[in-house]
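Report on the following structure.
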Amino acid sequence: MSSLSRGCAVAWRVCCHLPLDGQGGTRMSSVLIRDVANFVGQEVTIRGWLYNKTDKGRLQFLMVRDGSGLIQAVAFNKALPAEAFQAAQVVTQESSLIVTGTVQQEPRAPGGYELALSNVEIVQLAQDYPITPKEHGIDFLMDNRHLWLRSRVQWAVLRVRAAVVRAIRDYLDNQGFLLVDCPILTPSACEGTTTLFETEYFGEKAYLTQSGQLYNEATIMAFGRTYCFGPAFRAEKSKTRRHLIEFWMVEPEMAYAGLEECLRVEEELLSYVVMRVLESCKEELQILERDTTKLEQIVPPFPRISYNDVLQLLKEAGEELAWGEDFGAPHEVAIAARYDKPVFVHRYPAKCKAFYMAADPENPELSLSADLLAPEGYGEIIGGGERIASLELLEARIAEHQLPREAYEWYLDLRRYGSVPHSGFGLGIERTVTYLCGIHHIRETIAFPRTLGRMYP
RNA sequence: UCCUCGGUAGCUCAAUGGUAGAGCGACCGGCUGUUAACCGGUUGGUUGUUGGUUCGAGUCCAGCCCGAGGAGCCA
C-alpha cells in the first residue's frame, strides 16, 4: 500500500460525531483504536467503553475498547484537569467514555501503544457490570451473552466468523455462482427425515427450513451455478458441543457437475477461506491462541477415502463397524486423526444418505456422496454429492422413503424438463468457524446461539 | 430420548449429619508503571424446589425443575 493511499484510508476513518447531549454546538473528531499507530505523537479522541482499570492512586490505567481494538490509556493526575482526573478515578468497568490523549509507543503497554490522557469524559457510568475479569461458569456467561460479546475472545471469534462469510461469498461470486436465497418457511420436509419446527401459515402447516438444497436444484437449471446462504433449523434434541438448533449454512449447487467436480470445488473453497482468514485475522487468531501452522497446511488436494476403505481402517483400529452403519462421533475422530488436512469420505451406502443422492454406477448399493471431516476432531463440516438425474429412479426413491409424492411434483419436474447430472454440498458455517478458531464449543461462534433448552437472550 | 455430573453470597468455589466460610466483585481508605495489580477495612445467604428420615439436614432418601458433559441424529 502506498503512503498516499494509506493516508487516505486513515483520513476516511476520521469522522465527525455529535456529542450525546444532543446540543450540537461542539463537534468532535475521533479515531479508531485499530488506527492509532498512524497517530503517534498526535492528540486523538477515542469513543468507547472501559474494559478494565488499574487504580494506582494518582496514576490510573484505563483499558479502553471501542469495537475496533483495545488500548491502554494512562491518566496522571497532574496531566489532566481535576474534573477529568476524577472521572478517571470513578469510572467503572464497561462504562461508556470518551478519552482524549497523545498516542505514544510504549513497550510496557499491551499492544505496544498507549494514550497519555489529557481528558476523560464519562458518557454513562455503569453500575456493577456482571462479568468481572475473573472466571465464570458457562451457564452464567450464556445468560449474559448480550454482555459476554464484549470480551476479547468473543470479539475475535465473531470477527473470524464475519471473515469466513466474506471469503465464502467472494469465492463463490468469483467462480460464477449466483446467490439465490431459498425460503425459510417451507410446506414440507426437504429431506423428510429429521425433525422440523412446525408453525402455521394462514391455516396451513408450515415448517422452518432445514436446507435450501431442493430449491437450489431448481435454481441451477435457471442459472447454472447457484448458492443459498441462510439459517437452517433442526428440532432434534441434539445436545453436544457440535450442534445448534439454529445454524447457518452455505449451499452451492452446480449443473453439469459430477461428484469429482463437486469435491474439487469444496476443497478449493475451504482452502480459500482458510487462506483469507490467515491473512485478515492475524490478531484474532493470536487472541484465540490458534496454532496457525495447522491451518497453513490446508491446501488442495484433500485426501479421499471411500466408505468401504474406512470400514477396513476402523477394523484395524479395533473399532469395527457393520457395513451400512453410519459413523458415530468417535469414528469420525479416529478417521480425521490420521490426516493433517480435512479428509473426504466418499461413496457411503445409499441407505445412510438422503433419498436424492445419486447411485454409484459401479455399485448401486453405494451413493455418489461425500462428507468432509475436519482435522483435530472437529467433525463433519461439509456434506454433499451428486443428485439423482433420472425421473424413474427419483420416483422410486420417493416411494421407498414413503414421502408424500404430491409435495415433490415440482421437484420431479426438474427431471422431466431438461434434467442434467448435478451436484452440490452444504457447508456449516459455525462448525467451520469452531474449527478455524480452534475453540471447544460451537455455541461461541454465533452471536446469540439457540441450543437445546436455551433461547435467552 | 438415554447415560453421567452438578445447583450454597453478584461471580468462582469450600463446608465428617452438629454455630454456612474463602477468594474475587462492590463500597471506604492507601499507593506515579499496572498487565486478572497490590495492601488494610466494610458489605454480602429463603443452600434450585416439594416432601420424607432424624433430637438436629447444605449434607441422607424420593419426586420435580434448571444447567452442563457425552451418546444417538446431523452441518
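Just so it is clear: chains get the letters A, B, ... in the order the sequence lines come, proteins before strands, and each one is counted from 1. As the structure is a prediction and not an experimental result, all values here were calculated from the model.
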Could you measure between the two C1' atoms, the one in U42(B) and the one in G25(B), and give it in whole Å? 14 Å
Nucleotide A71(B), atom P - distance to CD of Glu236(A) in whole Å: 14 Å
Stems involving RNA chain B: give each as a range paired with a range, ordered by first number, where a stem means at least three consecutive Watson-Crick or G-U wobble pairs under 3.5 Å. B:1-7 with B:65-71, B:10-13 with B:21-24, B:26-30 with B:38-42, B:48-52 with B:60-64
Once you apply a heavy-atom cut-off of 4.0 Å, does Ile131(A) come out as touching a base, just sugar-phosphate, or nothing? nothing
Which atom pairs link the protein and nucleotides 11-13 of chain B when you take only N or O atoms and keep those under 3.5 Å?
unit_1 : atom_1 : unit_2    : atom_2 : d
C11(B) : O2'    : Glu135(A) : O      : 3.1
C11(B) : O2'    : His136(A) : ND1    : 2.6
U12(B) : OP1    : Gly137(A) : N      : 2.8

If only side-chain N and O atoms of Arg58(A) are considered, is one of them under 4.0 Å from the OP1 or OP2 phosphate oxygen of U32(B)? yes
Any base atoms under 4.0 Å from Gln72(A), or only sugar-phosphate, or nothing? Heavy atoms, all strands. base
Minimum-distance nucleotide to Glu332(A) side chain [options: A26(B), C74(B), U32(B)]: C74(B)
Is it true that the NZ or CZ of Lys341(A) lies under 6.0 Å from the centre of Phe302(A)'s six-membered ring and within 45 degrees of the ring axis? no
Would you find more than 12 non-hydrogen atoms of other residues, nucleotides or ligands less than 6.0 Å from Glu198(A) atom CD? yes
Is the closest basic N to carboxylate O distance between Glu365(A) and Arg347(A) below 4.0 Å? no
Residue Met249(A), side-chain heavy atoms: nucleotide from G69(B), A75(B), C31(B) that is nearest: A75(B)
Parallel, tilted or perpendicular: rings of Phe355(A) and Tyr408(A) (30°, 60°): perpendicular
Only counting residues at least two apart or in another chain, list the ones meeting side-chain contact (heavy atoms from CB on, under 4.5 Å) with Gln93(A). Tyr129(A), Pro133(A)
Does the distance from a Lys or Arg side-chain N to an Asp or Glu carboxylate O, for Glu251(A) and Arg225(A), drop under 4.0 Å? no
Could you tell me whether Glu106(A) and Arg108(A) make a salt bridge, using a distance below 4.0 angstrom between a side-chain N and a carboxylate O? yes
Between A75(B), A71(B), G70(B), which nucleotide gets closest to the side-chain atoms of Ala329(A)? A71(B)
Check this one for me: any side-chain N or O of Arg241(A) less than 4.0 Å away from OP1 or OP2 of G69(B)? no
Is the shortest distance from a Lys or Arg side-chain nitrogen in Arg276(A) or Asp170(A) to a carboxylate oxygen in the other one below 4.0 Å? yes
Under 4.0 Å, heavy atoms only, any strand: does Glu106(A) hit a base, just the sugar-phosphate, or nothing? base
Not counting sequence neighbours, which residues clear side-chain contact (heavy atoms from CB on, under 4.5 Å) with Gln297(A)? List them please. Asp340(A)
Between Lys237(A) and U1(B), is there a contact of a side-chain N or O with OP1 or OP2 at under 4.0 Å? yes
Which nucleotide in A26(B), U32(B), A68(B) has an atom nearest any side-chain atom of Asp128(A): A26(B)
Are OP1 or OP2 of A71(B) and a side-chain N or O of Arg242(A) less than 4.0 angstrom apart? yes
With respect to the side chain of Glu114(A), which nucleotide from A75(B), G33(B), A68(B) is positioned closest? G33(B)
Between G70(B), G33(B), A36(B), spot the one nearest the side chain of Asn52(A), thanks. A36(B)
Of A36(B), U32(B), G69(B), the nucleotide closest to the side chain of Leu59(A) is U32(B)
Without decimals, in angstroms, what is the distance between Leu70(A) CG and A36(B) P? 11 Å
Please determine, for the side chain of Arg108(A), which listed nucleotide (G72(B), U32(B), U34(B)) has the closest atom? U34(B)
Run the side-chain donor-acceptor check on residues 426-433 of chain A: report pairs under 3.5 Å with partners two or more places apart or on a different chain.
unit_1    : atom_1 : unit_2    : atom_2 : d
Glu430(A) : OE1    : Trp248(A) : N      : 2.9
Glu430(A) : OE2    : Arg161(A) : NH1    : 2.9
Glu430(A) : OE2    : Arg161(A) : NH2    : 3.3
Glu430(A) : OE2    : Trp248(A) : N      : 3.2
Arg431(A) : NE     : Arg242(A) : O      : 3.1
Arg431(A) : NH1    : Glu380(A) : O      : 2.9
Arg431(A) : NH2    : Arg242(A) : O      : 3.2
Thr432(A) : OG1    : Gly428(A) : O      : 2.8

Does the side-chain ring of Phe247(A) sit on the six-membered ring of the A75(B) base, less than 5.5 Å centre to centre and under 30° in tilt? yes
Would you indicate what Asp371(A) reaches in the nucleic acid, counting non-hydrogen atoms under 4.0 angstrom: base, sugar-phosphate, or nothing? nothing
Residues in side chain to side chain donor-acceptor pair (under 3.5 Å) with Asp143(A), at least two apart? Arg454(A)
Would you indicate what Gly328(A) reaches in the nucleic acid, counting non-hydrogen atoms under 4.0 angstrom: base, sugar-phosphate, or nothing? sugar-phosphate
